[in-house]
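Report on the structure given below.
In this text the structure is predicted, and so the values were computed from the model without any measurement.
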Amino acid sequence: MKRTPITFSELKARPFEIFNTGWFILSAGDFAKGEYNGMTISWGSFGTLWGKPFAMVVVRPQRHTLPFLENGDSFTLSAFGPEWKDALKFFGSKSGAQFDKFKETGLTAEAAQSVAAPAIAEAELVIECRKTYADWMKPECFIDAKAIADWYPAKDFHKIVFGEVAAVSAVEKYWK
């Protein structure tokens, strides 16, 4: 897919929709070393923190992608057209410990513009991030613990990771 490098301020996306219904593949690790994995995410956010654009993602402890995210210094978020929905379902439901998700879905990992984590060639939008902060959700910090409890019956609280946006590339629909 031919994407154009753009600035984060040029990005035209509906953040609630792109996470909730569009989904992203979160990729982490080191593309050059061939040590990376990806997973589908539908929870996260974009904004400004410490004077810089950021993306925030959350990953449960049992996900195979988490060690790649913890051990690396970066991650990417890749968004796709509707023709890739089955691939995103696969990335979200299968473990990289048992499957080569890229091979199984026909998606292609490639070098990102500015970070070690891979981009995905077929993506319409790639947001490259350098990690800036990470911590575990703490159950004692939930304001309305009863409302949250149904999301965590196994007490497998997410790790929260913030990343400064280092580069963005997109097809026209994300910037015109």
Side-chain angles (χ1 to χ4, degrees), residues 1-8 10-11 13 15 18-19 22-46 52-134 158-175:
M1 173 100 14
K2 177 67 174 144
R3 295 182 308 270
T4 300
I6 62 171
T7 65
F8 189 73
E10 292 175 295
L11 178 61
I18 199 166
F19 272 105
W23 305 344
F24 282 102
I25 291 180
L26 162 68
S27 298
D30 189 320
F31 177 75
K33 291 181 180 176
E35 299 170 357
Y36 55 87
N37 195 52
M39 62 179 271
T40 300
I41 63 168
S42 62
W43 291 7
S45 65
F46 298 117
K52 297 179 179 175
F54 79 86
M56 184 275 301
V57 297
V58 293
V59 179
R60 289 191 193 259
Q62 64 268 37
R63 295 305 301 254
H64 184 66
T65 302
L66 185 58
F68 294 94
L69 185 59
E70 289 177 321
N71 296 327
D73 65 354
S74 61
F75 62 91
T76 63
L77 297 172
S78 298
F80 300 84
E83 69 274 17
W84 292 103
K85 199 65 161 185
D86 286 341
L88 273 78
K89 287 178 185 175
F90 189 91
F91 264 77
S93 63
K94 304 297 181 192
S95 173
Q98 283 99 29
F99 296 93
D100 179 338
K101 295 181 187 183
F102 291 93
K103 182 178 179 183
E104 295 286 333
T105 61
L107 292 175
T108 311
E110 66 180 7
Q113 295 176 59
S114 64
V115 300
I120 301 178
E122 295 80 8
E124 293 183 341
L125 169 67
V126 175
I127 300 172
E128 302 178 20
C129 301
R130 287 192 189 88
K131 289 183 347 187
T132 56
Y133 180 83
H158 287 90
K159 185 160 215 176
I160 306 165
V161 181
F162 286 83
E164 176 187 346
V165 174
V168 179
S169 59
V171 297
E172 275 192 10
K173 78 177 190 179
Y174 285 103
W175 53 274

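Partners of Phe54 by ring pair (Phe, Tyr, Trp, His ring centres under 6.0 Å), not counting sequence neighbours, listed by chain and number: Phe162. Checked against side-chain contact (heavy atoms from CB on, under 4.5 Å), Ala97 has the following partners two or more places apart in sequence or in another chain: His64, Ser95. Under the side-chain contact (heavy atoms from CB on, under 4.5 Å) criterion, Ala121 pairs with Thr108, Glu110, sequence neighbours left out. The side-chain contact (heavy atoms from CB on, under 4.5 Å) check on Phe90 picks up Lys94, Phe99, Lys101, Glu104, Thr105, with sequence neighbours excluded. In terms of the side chain to side chain donor-acceptor pair (under 3.5 Å) criterion, residue partners of Gln62 (sequence neighbours excluded) are, by chain and number, Asp156. Shown here are the side-chain contact (heavy atoms from CB on, under 4.5 Å) partners of Glu10, two or more places apart in sequence or in another chain: Ile6, Thr7. Looking at residues two or more places apart in sequence or on another chain, you find a salt bridge (Lys or Arg N to Asp or Glu O under 4.0 Å) between Lys173 and Glu124. For Glu164, the salt bridge (Lys or Arg N to Asp or Glu O under 4.0 Å) partners two or more places apart in sequence, or in a different chain, are Lys52.
When each of Leu125, Val168, Thr4 is tested with Tyr174 by the rule side-chain contact (heavy atoms from CB on, under 4.5 Å), just one qualifies, namely Leu125. Remark: of the listed residues Ile160, Ile41, Leu26, Ile160 is the sole one forming a side-chain contact (heavy atoms from CB on, under 4.5 Å) with Val58.
The two residues Ala87 and Leu107 have their closest heavy-atom pair at CB-CD1, 4.0 Å. Smallest separation of non-hydrogen atoms from Ala55 and Val165: N-CG2, 4.1 Å. Heavy atoms only, all atoms of each residue included: Gly106 and Glu122 are closest at O-OE2, 3.6 Å. The minimum heavy-atom distance linking Pro53 with Phe8 is given by the pair CB-CD2, 3.2 Å. Closest of all the heavy-atom pairs between Ala13 and Ile18 is CB-CD1, 4.2 Å. Heavy atoms only, all atoms of each residue included: Leu88 and Gly22 are closest at CD2-O, 3.8 Å.
For the atom pair OG (Ser169) and CG (Leu11), the distance works out to 10.5 Å, reported to the nearest 0.5 Å.
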Under 3.5 Å, which donor-acceptor pairs link side chains of residues 72-84 to any protein atom two or more places apart or in another chain?
unit_1 : atom_1 : unit_2 : atom_2 : d
Ser74  : OG     : Ala116 : N      : 3.4
Ser74  : OG     : Ala117 : N      : 3.1
Thr76  : OG1    : Pro118 : O      : 2.5

Only pairs under 3.5 Å count here: list side-chain donor-acceptor contacts from residues 30-39, not counting sequence neighbours, and write none if there are none.
unit_1 : atom_1 : unit_2 : atom_2 : d
Asp30  : OD1    : Ala32  : N      : 3.0
Asp30  : OD1    : Lys33  : N      : 3.1
Asn37  : ND2    : Thr65  : OG1    : 2.8

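Of the possible donor and acceptor atoms, none in the side chain of Arg60 sits under 3.5 Å from a partner among the backbone N and O of Leu66. Side-chain atoms of Trp175 come within 3.5 Å of backbone atoms of Ala170 as a donor-acceptor pair (strictly under, hydrogens ignored).
Relative orientation of the Phe24 and Phe46 rings is perpendicular, given thresholds of 30° and 60° on the angle between their planes.
A salt bridge (Lys or Arg N to Asp or Glu O under 4.0 Å) check over residues 62-71, counting only residues at least two apart or in different chains, returns the pairs Glu70-Lys159.
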Stepwise, does the side-chain contact (heavy atoms from CB on, under 4.5 Å) test hold for Trp23 with Lys85? CA-CA 9 Å; Trp23 305 344; Lys85 199 65 161 185; 3.6 Å; yes

